[in-house]
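Structure first, then comments.
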Amino acid sequence: MNEKLIHPVDEKYISFLSDESKQEGFADTISFPSSPEELLQIIASPLPAPITFQGANTGVEGGSVPQGGSIINFSRMNHIREIQKLSDTEGYAIVEAGVTLDQLAQEIRRSLKTDDYIWPPSPTESSATVGGVIATGAYGMTSCYYGTTNLYLRELTLLHSNGHTEVLSDIPEPFQLPAGTCIVKASLKLLKRPANICGAAFFFDTESNALACADKLQNYVPDNKNVLIISMEYIGNTAIKMINTSRELISVLKDVPALPSDAKAVIYVEIAGNEESQDEALMELIDITSEYGSDPDVAWALTGYTEIRKMHSLRHAATESVIQFIERKHHEDNRIIRLGVKPLSRGRSFQETILSIIQALEDAHLCASIYAHIKNSDIQVNFLPENFEDYQKSKNIANTWI
């Protein structure tokens, strides 16, 4: 065994045995390759099985938590090989798997000397690695316009556990990373982002009104065909409470205004287009949301990418507040870990699905933070158990929703 590259897991590596789910694992060895050559040397060594590949350990599903064997952590394989513009609307970046989304965005700006080009996948955790985003299929709150992560992959270099390297230039949709395989390098498709963007956050005094409005907005198409809907998000009552009570602990909220005290739900819509077409679409959205009790005088209007980032930070805080809550509960009882589920709609509307979830939670005397991508009914329910009994009940309910 290569002792320079492969280390026994001891106390200084404890943090690599869990992720944001707070699940805890165990392993015999850990490695931090800093190049594809070192990775090949590690794979060629007689490693204890199974092998767990890790990025930044920002996941909330436990996918990077080892269950024995060996850890290969990609945090040092974080080199950006090349960034180029291909046209006035597209470019590409060739990066190693351990490059973070923050690092990629900064290097795109530096290399192309503009803020205009992006890699479209936008998970709320910007410290996630490119390899982790691709492996999990994470995409973020702008997916209703940009679609899935796989659409922005030009080529992947994979390494199989037998040491065989494979280059994929025709990425299947959907893409699932084969078992025992890791991403070494990726060629990413960059796009020029819309020049003019704005957003509006609409607040509702009842969750049922907001959900009825969300049903209406799922079919909303702007009258002006030059308007693009970039994002459409729902944040429920408990998620709002969690954000409000965690403000002092979540750094990304420092520049975000406090939510209205009586808000029970938020619908956020992000659009792109010229100024005239944006104004037309915003008036349409005000008319629709007003029908369901949202006061346009209280709504937030955000113009430009700097302002838009504040709303993205708020959406990130919905996830971060759950992580912090579970971390506290895990310290009280280490059997409690993050429990999240994406319930199946089973032919029901967005409103019907979430109302049935809320009712089931009330009947069981449980609590959960709910938020969603409205356009594709991608609903996330994060249970908030007060104790292990709640946690067990939450698991039983979660199993009936999937």
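A salt bridge links Asp378 with Lys342; the closest basic N to acidic carboxylate O contact falls under 4.0 Å. Ion pairing between a basic and an acidic side chain is recognised when a charged N comes within 4.0 Å of a carboxylate O; Asp205 and Lys264 show no such pairing.
Considering only heavy atoms from C-beta on, Ile71 comes within 4.5 Å of Leu17 through its side chain. Proximity of Leu188 to Leu153: side-chain heavy atoms (C-beta onward) are separated by under 4.5 Å at one or more points.
When only modelled atom types and interatomic distance are considered, Ser345 and Ser377 share no side-chain donor-acceptor pair under 3.5 Å.
Classification of the Tyr152-Tyr146 ring pair by plane angle, with boundaries at 30° and 60°, yields perpendicular. Between Tyr139 and His373, the ring planes lie tilted relative to each other; the angle falls in the 30° to 60° range. Note: Tyr13 and Phe16 have tilted aromatic rings, judged against thresholds of 30 and 60 degrees for the angle between ring planes. Relative ring orientation between His312 and Tyr268 is described as perpendicular, the plane-to-plane angle rising above 60° on a 0-90° scale split at 30° and 60°.
Residue-environment remark: NZ (Lys113) stays at or below the threshold of 12 foreign heavy atoms within 6.0 Å.
Sorted by first and then second residue, the pairs that involve residues 183-202 and meet side chain to side chain donor-acceptor pair (under 3.5 Å), not counting sequence neighbours, are Arg154-Ser187. Applying the salt bridge (charged side-chain N to carboxylate O under 4.0 Å, His left out) test to every pair with at least one member in residues 70-83, sequence neighbours left out, gives these pairs: Arg81-Glu96.
Across Ala360 and Ile397, no two heavy atoms sit closer than the pair O-CD1, 4.1 Å.
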